[in-house]
Amino acid sequence: MTEKIVRTRFAPSPTGPLHIGGVRSALFSWLLARHHGGKFVLRIEDTDQKRFVEGSIDLITDALSWLGIDYDEGPGKDGGYGPYIQSERLPLYQKWAQWLLDNDKAYRCFCTSERLEQVNKEKEARKEPPGYDRFCRNLSKDEIEKNLAEGKPHVIRLKAPLEGQTIGHDLIRGEVIFDNHTIQDAVLLKSDGYPTYHLAHVIDDHFMEISHVTRANEWLPSLPLHLLLWEAFGWEKPLYAHLPVLLNPNGKGKLSKRHSGFSEDGKKVLVLAKEFKDAGYLPEAVVNFLCNIGWNFGDEREIFDIQEAIERFDIGAVNPANSAFPIEKLDWINGIYMREKLSANELAKRLRPILEEAGLEVNVDRLLKITPLVQTRLKVLTDVVAMAGFFFHETFTPPTVEMLIPKKLDKDGTRKLLEASHKHYLAIAEPEFLTPALMNIGTTLVSDLGLNNSQVFGVLRVAVTGQSISTPTFETMEILGKSESLKRIQIAIDLLK
RNA sequence: GGCCCCAUCGUCUAGCGGUCAGGACAUCACCCUUUCAAGGUGAAUACACGAGUUCGAAUCUCGUUGGGGUCACCA
């Protein structure tokens, strides 16, 4: 077992955009494979025709690639174990379902969904747990032949043992014991000829030689069923690891797609991988953030790059407890990446497409100048538009009068301040129109006028940028240049007349 | 309801029989300061409860409570 190559897989259903919980599962699976120098496989589980959503596969692969979670085998990337889309493997499932039938491990069930509903209703009335009553389990050969001859639709069900126990081993929580009588005669092959997840994953994981099955915790209750299946086939079982579930930020209920776009305490709850991208988070920050949920790097470090995570990752050390989604930590981590892990040039590269998407024409030289100014101020990339978008506007949008007048100063006082500023700045020679000199004049104005820094610098900021939150005043003026800065100060003066 | 899983600051976590129960985010205060940030310093806050086992339990056992998951011809 130890010398066996580690092969893990991420097996999403193409039912829509990739969810952040799915990303987490994929990430841990990927980390496990990379840690052992093994292979990571992407398999598409599209056995439910009704839930298939066109374009989902691209959405899934796009999200994984944005995050840097690369797969060695998968759709369009054959590694000798394909096809990697379950709907293309139907004959295989049917063949092995037949094998189970032939070996008395499964049986045909002709019950209609109406009857199944009826059975459950009756059970509920008797306060019994719901479940199939095994009506078809002991059908005689003649009855089966008769039903078949009549062309009655049917499914194939597992013949689960009625007594005894099934013991599972989970890498994260150890031994898990189930009484066999609680295990259902689950449907393995549906009447449309498609397998259910139960059958499909066992067959695929066997033939794809998956060594570790990592999946979300909601699968733990069906683990015994899967174990029974492995035993029925007589195949060597993979190791299982059930990852803890991501709960909503308030800890109530699992984080689900239903909550996409919903807000909680006035904060939007992001749940789709794409939403994180659109919101301006860096992929490396998202990955780092996700690593810290349920797993601990050690050394009391929370910031680390993906290579370091691969080196240390240990699936057995994953915390078995579910966790509330600590979304507020993402802002912090994202900030660290933007100001400490990225150089100004790299940050500028990421900022450019965002400004362009906002409809701004980006002058690269100017962008390079303002990037250092916004670097410590951005929470997410998209903040740059509001904070520094004015640098790229064709026309200047002047502030309102209210924005211009600071606390403890009236209209006249503000205008006088601006007039004095205009006079001083006009006197500076063009080549000296640089931050230190501008700052100097600023402080001179403060003492001359008997005001404080905040008032003087604040008024200038608003006058020059047209907004009250912006890049620092004097650096901004330097970038804007002498004539543009003076022009804007004059506009403000006129506004106050 | 049955079954299964889980339980350390508000949150993410470290801890695996002897620790002043550590770190981080968030919060608050102070410093720095041209708005906003960033940075610095400091504060406050946790072993769900009850029985055992033990010289000694956050750590082991059982129970209670609480939370979560799951009981489909969905995955």
Side-chain angles (χ1 to χ4, degrees), chain A residues 11-13 15 45-48 50-51 109 111-113 116-117 120 124 127-132 153-157 168 170 172-173 176-179 181-184 186-192 194-198 200-201 215-224 242 244-245 247 249-254 289 292-303 319-333 335 339-340 374-379 383 387 406 439 442-443 446 452-462 465 467-475:
Chain A
S13 294
T15 54
E45 311 221 326
D46 60 341
T47 57
D48 186 356
K50 297 184 289 294
R51 295 208 310 156
C109 168
C111 293
T112 61
S113 48
L116 261 25
E117 256 173 60
N120 273 337
E124 202 187 327
K127 294 196 169 164
E128 284 175 26
Y132 181 54
H154 66 278
V155 301
I156 293 176
R157 285 182 185 274
D170 179 85
I172 295 171
R173 60 210 90 220
V176 186
I177 302 170
F178 302 85
D179 283 328
H181 70 84
T182 64
I183 301 172
Q184 297 281 314
V187 172
L188 303 178
L189 199 71
K190 301 183 248 184
S191 56
D192 62 2
Y194 277 67
T196 57
Y197 170 86
H198 310 300
H201 109 265
R215 46 152 55 162
N217 193 226
E218 41 257 61
W219 289 109
L220 195 54
S222 54
L223 175 63
H242 293 87
V245 175
L247 270 24
N250 62 8
K252 297 275 174 210
K254 70 172 174 176
F289 161 70
N292 286 323
I293 310 174
W295 183 65
N296 189 272
F297 185 81
D299 296 343
E300 306 203 322
R301 275 181 62 194
E302 307 214 6
I303 305 292
N319 184 161
N322 293 165
S323 54
F325 193 57
I327 186 73
E328 73 285 356
K329 259 192 165 178
L330 178 58
D331 286 338
W332 169 69
I333 292 185
R339 76 186 86 96
E340 293 176 24
V374 297
Q375 193 152 21
T376 60
R377 284 161 237 269
L378 297 176
K379 213 176 65 181
D383 284 345
M387 192 175 292
M439 168 84 116
T443 42
V446 167
N452 62 38
N453 284 359
S454 175
Q455 288 170 312
V456 175
F457 300 175
V459 171
L460 280 170
R461 161 198 315 288
V462 176
T465 66
Q467 46 193 59
S468 42
I469 293 178
S470 76
T471 43
T473 308
F474 303 114
E475 284 85 345

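Note that the structure is a prediction, hence the values are computed from the model and not measured. So you know, we letter chains A, B, ... as the sequences are listed, proteins then strands, and number each from 1.
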If only side-chain N and O atoms of A/N322 are considered, is one of them under 4.0 Å from the OP1 or OP2 phosphate oxygen of B/G68? no
Phosphate-side-chain proximity, A/K190 and B/A75, N/O vs OP1/OP2 below 4.0 Å:
yes
What does A/V245 touch in the nucleic acid at a heavy-atom separation under 4.0 angstrom: a base, only the sugar-phosphate, or nothing? nothing
Regarding the side chain of A/L220, the nearest nucleotide among B/U34, B/C73, B/C5 is B/C5
Open item on the list: Quick check on B/C73: is either OP1 or OP2 less than 4.0 Å from any side-chain nitrogen or oxygen of A/R157?
Closed with: yes
Self-check item: Residue-phosphate contact under 4.0 Å: A/S222 side-chain N/O, B/U70 OP1/OP2
Solution: no
Would one find more than 12 heavy atoms of other residues, nucleotides or ligands at under 6.0 Å from atom CD of A/E128? yes
Any strand, both distances under 3.5 Å, Watson-Crick or G-U wobble: B/A58 pairs with none
- State whether A/R339 places a side-chain N or O below 4.0 Å from either non-bridging phosphate oxygen (OP1 or OP2) of B/G39. yes
Closest of B/A75, B/G69, B/C36 to the A/R51 side chain is B/A75
Whichever of A/W219 and A/K127 has the more 5' nearest nucleotide on RNA chain B, that residue is A/K127
Ranking B/G23, B/U34, B/C36 by distance to the side chain of A/F457, first place goes to B/U34
Exercise. With a 4.0 Å cut-off on heavy atoms, is A/E475 in touch with a base, just the backbone sugar-phosphate, or nothing at all?
Worked result: base
Out of B/C74, B/U34, B/A37, minimum distance to the side chain of A/T196 belongs to B/C74
Which is true for A/P130 with a 4.0 Å heavy-atom rule: it touches a base, it touches only sugar-phosphate, or it touches nothing?
base
(Q) With a 3.5 Å cut-off and heavy atoms only, can you find an N or O donor on one side and an acceptor on the other between the side chain of A/E128 and the base of B/G1? (A) no
key: N/O (side chain, A/K254) to phosphate O (OP1/OP2, B/U70) under 4.0 Å   = yes
Check if the side chain of A/S323 and the base of B/C12 share a donor-acceptor pair of N or O atoms closer than 3.5 Å.
-> no
Task: Touch class at under 4.0 angstrom, heavy-atom based, for A/L330 against every strand present - done: nothing
Using a 4.0 Å heavy-atom cut-off, does A/F178 contact any base of the nucleic acid, only the sugar-phosphate backbone, or nothing at all?
sugar-phosphate
* Asked: Under 4.0 angstrom, heavy atoms only, what part of the nucleic acid is A/S470 near: base, sugar-phosphate, or nothing?
  -> base
All heavy atoms of A/P221 vs all of A/N217, minimum pair found to be CD-O, 3.9 Å
**A/R173 (side chain) and B/C5 (base): donor-acceptor pair under 3.5 Å** = no
- Remember a base hit wins even if backbone is also touched, and classify A/G253 as base, sugar-phosphate or nothing at under 4.0 Å, heavy atoms. sugar-phosphate
Checking B/A75, B/U11, B/U35 against the side chain of A/A324 (C-beta onward), the nearest is B/U11
Against the side chain of A/L116, the closest entry in B/G10, B/C12, B/C73 is B/C73
- Side-chain donor/acceptor of A/T376 to base of B/A38, under 3.5 Å: no
Which part of the nucleic acid, if any, lies within reach of A/G442 when heavy atoms closer than 4.0 Å are counted: base, sugar-phosphate only, or nothing?
nothing
Re B/A7: Watson-Crick or G-U wobble partner, both distances kept under 3.5 Å, found to be B/U65
For B/C20, the nucleotide meeting Watson-Crick or G-U wobble distances (both under 3.5 Å) is none
Select base, sugar-phosphate, or nothing to describe what A/E45 touches, counting heavy atoms under 4.0 Å on all strands.
sugar-phosphate
Regarding the side chain of A/P129, the nearest nucleotide among B/U35, B/A14, B/G1 is B/G1
Any N or O donor-acceptor pair linking the side chain of A/R377 to the base of B/U35 at under 3.5 Å?
-> yes
Answer for the Watson-Crick or wobble partner of B/U70, both distances under 3.5 Å, is B/G2
By nearest-heavy-atom nucleotide on RNA chain B, the more 5' of A/V176 and A/S454 is A/V176
Just checking A/P195: base, sugar-phosphate only, or nothing, at a heavy-atom cut-off of under 4.0 Å? sugar-phosphate
Expressed as a whole number of Å, how far does the P atom of B/U64 sit from that of B/C73? 33 Å
Within less than 4.0 Å of OP1 or OP2 of B/U11, is there a side-chain N or O belonging to A/N292?
no
Answer for the Watson-Crick or wobble partner of B/A38, both distances under 3.5 Å, is none
- Should A/K50 be listed as having a side-chain N or O under 4.0 Å from OP1 or OP2 of B/C74? yes
